[in-house]
**Student:** 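The structure's right below; bear with me while I get my questions together.
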Number of protein chains: 2
Amino acid sequence: MAYNYQYPRAALTVDCVVFGFDESELKVLLIQRALDPFKGKWALPGGFVRVDETLDDAARRELAEETGLENVFLEQLYTFGTVNRDPRERVVSVAHYALVKLTDHKAKAATDAANAQWFPISKLPKLAFDHADIVAAALARLQGKVRYQPIGFELLPPKFTLSELQHLYEAILEAGLDKRNFRKKVLGFGLLMPLKETQMAGRHRPAQLFRFDADKYEKLKKRGFNFEL
Amino acid sequence: MAYNYQYPRAALTVDCVVFGFDESELKVLLIQRALDPFKGKWALPGGFVRVDETLDDAARRELAEETGLENVFLEQLYTFGTVNRDPRERVVSVAHYALVKLTDHKAKAATDAANAQWFPISKLPKLAFDHADIVAAALARLQGKVRYQPIGFELLPPKFTLSELQHLYEAILEAGLDKRNFRKKVLGFGLLMPLKETQMAGRHRPAQLFRFDADKYEKLKKRGFNFEL
DNA sequence: TATTAATAGTGTATCATTAACACTATGTCA
DNA sequence: TGACATAGTGTTAATGATACACTATTAATA
């Protein structure tokens with residue numbers, strides 16, 4: 001690898017596909033652009049990487065600045081580097097995806113991120129740049145990952161019912177799941193702790209609440225345990 | 001996303017983990033560095049991304065320049081962006097991994113890439129920068145990918161025996177496989193075409209040669225066929 | 001207070017897949 | 001022609017996946 005300063009450099013950004021789950025729908029958080037190009041268009045939250053921060057740090061900083069979100073599940077997805085992604089100059093973007101609990105975010109949404117809005121994944125508006133490609137890649141990754149890693153819990157509140165969990169998986173995988181088989185499988189992992197509370201909701205039988213045991217998950221993961229759905 | 005030219009920019013490179021397979025061993029192609037830092041140390045082939053080429057193009061160009069390899073299987077792996085990867089300045093590297101048929105490469109090795117050398121994955125020298133991390137990530141990816149996509153053929157000559165294929169998978173997965181179950185499974189995919197030739201090798205029964213049917217694979221892949229090992 | 005509506009919760013039987021296992025076949029070389 | 005080295009081949013048992021239907025509990029209402 002030779003060093004060479006004579007060439008112009010690409011600009012480096014991070015973009016984030018933020019997933020949330022609410023009312024049986026998978027949603028994505030978008031920002032309305034204030035400046036050209038694509039002024040007024042919806043886009044992914046993101047921005048420039050500073051020379052003194054890692055890619056992960058940059059993604060978290062932009063997320064906090066533009067949406068008020070902090071301490072979320074965040075992973076690098078893919079780096080998008082086609083030459084004309086940006087109409088002005090060469091910009092390479094390291095895309096990430098994040099999973100957030102919508103319940104946490106709702107309070108902050110009004111304050112920090114007036115121009116941020118959740119859209120159902122099936123009804124996204126036209127997006128700026130190649131952001132539609134990035135969302136597609138993120139969804140594919142989420143669908144793949146959810147099959148063998150229990151990351152779905154990042155999208156649910158700390159206490160949830162098995163029905164809510166099943167609806168989440170059905171929304172992500174875009175497929176119906178058998179109730180009995182689903183419960184058998186997820187309870188079999190031993191990562192769901194039943195709480196003493198139940199969730200009362202309207203005119204029907206209340207449901208058992210569970211929480212996800214993250215400590216136990218970490219221990220089992222280290223032993224190479226398999227969480228394939 | 002706001003544009004801002006006032007900050008210094010990170011330099012952007014690509015690096016490639018090139019895998020090969022020979023004599024029952026998985027190998028990685030390394031370059032001996034001619035310049036400081038890490039002068040004389042072994043490193044991954046790679047270099048700067050130009051403003052008028054995609055990341056994929058950059059990786060292929062560097063591979064051709066430094067190792068003489070062309071038309072190889074190449075995929076983006078992960079982008080490494082810790083702040084002090086490079087002792088001189090901020091450098092973000094988009095890592096790729098490549099799979100090559102060693103038989104193809106051997107002829108070229110002497111001419112194009114005098115300072116390139118294959119190392120068994122289990123006996124790598126100390127590497128420059130964070131290249132050891134990159135190799136580890138590439139190996140993990142290869143091990144994961146090989147379970148559900150028939151990419152192993154990229155590492156074998158066009159004609160190969162089932163024993164060679166099994167040894168390859170054993171080398172990648174670092175695990176022994178049952179001969180009968182392995183043959184049953186891979187032949188069951190219907191992607192291996194038996195040739196009329198056999199491979200004579202030394203003092204034992206000659207083995208049936210096969211070739212991988214890439215066209216058939218593409219067709220089945222589009223229909224969502226599952227190639228899980 | 002009996003009925004209805006709405007979701008929670010539960011078990012079994014069949015089918016498909018995976019895992020374990022050992023011997024015969026065919027060539028070369030001494 | 002016997003020894004050696006690798007190729008090639010099926011069956012059984014265990015495990016995991018799939019398909020499937022009814023009862024239980026609550027709130028609302030008649």
Side-chain angles (χ1 to χ4, degrees), chain A residues 21-25 146-148 150 156-157 159-171 173-211 220 224-229, chain B residues 21-25 146-148 150 156-157 159-171 173-211 220 224-229:
Chain A
F21 178 70
D22 193 25
E23 292 163 20
S24 306
E25 261 189 327
V146 95
R147 283 169 214 274
Y148 62 93
L156 290 177
K159 301 173 183 180
F160 52 85
T161 69
L162 288 181
S163 292
E164 288 168 341
L165 185 64
Q166 182 177 346
H167 291 144
L168 167 63
Y169 274 77
E170 289 176 333
L173 297 172
E174 295 168 343
L177 299 173
D178 181 89
K179 183 159 62 160
R180 280 172 290 190
N181 294 338
F182 180 80
R183 292 162 106 93
K184 211 186 308 171
K185 176 75 69 100
V186 298
L187 289 176
F189 293 143
L191 296 176
L192 295 185
M193 297 294 135
L195 303 173
K196 280 168 189 157
E197 311 163 63
T198 54
Q199 182 177 80
M200 300 283 194
R203 188 182 172 178
H204 59 269
R205 180 174 173 179
Q208 176 68 244
L209 283 168
F210 291 84
R211 70 175 181 82
L220 290 175
F225 207 86
N226 181 17
F227 298 99
E228 192 161 335
L229 203 76
Chain B
F21 178 70
D22 194 25
E23 293 162 20
S24 306
E25 261 190 327
V146 94
R147 282 169 213 273
Y148 63 92
L156 290 177
K159 301 173 183 179
F160 52 85
T161 69
L162 288 182
S163 292
E164 288 169 342
L165 185 63
Q166 182 176 346
H167 292 144
L168 167 63
Y169 274 78
E170 289 175 334
L173 297 172
E174 296 168 343
L177 299 172
D178 180 89
K179 182 160 63 160
R180 279 172 289 190
N181 292 338
F182 179 80
R183 292 162 106 94
K184 211 184 308 169
K185 177 75 68 103
V186 299
L187 290 176
F189 294 144
L191 297 175
L192 296 187
M193 298 293 136
L195 303 172
K196 279 166 189 157
E197 311 162 64
T198 54
Q199 184 175 81
M200 302 280 194
R203 188 182 172 177
H204 59 269
R205 180 175 175 179
Q208 176 70 244
L209 283 168
F210 292 84
R211 68 174 181 83
L220 290 175
F225 208 85
N226 182 16
F227 299 98
E228 192 162 332
L229 203 75

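Hydrogens, waters and symmetry mates play no part in the numbers below; they use all other heavy atoms, side chains included. Per chain, numbering begins at 1; letters A, B, ... match sequence-line order. Since the model is a prediction, treat every value here as computed from it, not as a measurement.
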**Student:** Measure from CZ on B/F182 to C1' on D/dG10 and round the result to the nearest Å.
**Tutor:**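 Distance, rounded to whole Å: 18 Å.
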**Student:** What do you reckon, are the aromatic ring centroids of B/Y169 and B/F182 less than 6.0 Å apart?
**Tutor:**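 Centroid separation for B/Y169 and B/F182: below 6.0 Å.
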**Student:** Calculate the interatomic distance between B/L177 atom CG and C/dC21 atom P; express it in whole Å.
**Tutor:**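 About 15 Å, once rounded to whole Å.
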**Student:** Return the value, rounded to whole Å, for the distance between atom CZ of A/F210 and atom C1' of C/dG9.
**Tutor:**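 So the two atoms are 10 Å apart, to the nearest Å.
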**Student:** Could you tell me whether the side chain of B/Q208 and the main chain of B/P194 form a donor-acceptor pair under 3.5 Å?
**Tutor:**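 Answer holds: no.
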**Student:** Quick one: does any side-chain atom of B/E164 pair with a main-chain N or O of B/T161 as donor and acceptor, under 3.5 Å?
**Tutor:**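 Side chain of B/E164 to backbone of B/T161: a pair is present.
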**Student:** Can you measure A/L165 atom CG to C/dG9 atom P for me and round it to whole angstrom units?
**Tutor:**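 My rounded result for the distance is 12 Å.
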**Student:** Please find out if less than 6.0 Å separates the ring center of B/F189 from that of B/F227.
**Tutor:**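 Yes.
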**Student:** Just how far, in rounded Å, is C1' of C/dT7 from CG of A/L162?
**Tutor:**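 In whole Å, C/dT7 C1' and A/L162 CG are 13 Å from each other.
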**Student:** For the pair made of CG in B/L209 and C1' in D/dT6, what is the distance, rounded to whole Å?
**Tutor:**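 Going from B/L209 (CG) to D/dT6 (C1'), I get 14 Å.
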**Student:** Salt-bridge test for B/K159 and B/E197: reply yes if a basic N is under 4.0 Å from a carboxylate O, no otherwise.
**Tutor:**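 Looking at B/K159 and B/E197, the cut-off is met.
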**Student:** Could you please name the option among D/dA17, D/dA7, C/dG9 that lies closest to any side-chain atom of A/K185?
**Tutor:**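 My answer, after comparing the listed nucleotides, is D/dA17.
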**Student:** Using a 4.0 Å heavy-atom cut-off, does A/S163 contact any base of the nucleic acid, only the sugar-phosphate backbone, or nothing at all?
**Tutor:**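 Sugar-phosphate contact only.
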**Student:** Please confirm whether the backbone N or O of B/A171 pairs with a side-chain atom of B/E25, one donor and one acceptor, at under 3.5 Å?
**Tutor:**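 Answer holds: no.
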**Student:** Going 5' to 3' along nucleotides 19-29 of chain D, which nucleotides have protein heavy atoms under 4.0 Å from the base (write B), which only from the sugar-phosphate (write S), and which from neither (write -)?
**Tutor:** BBB--BBBBS-
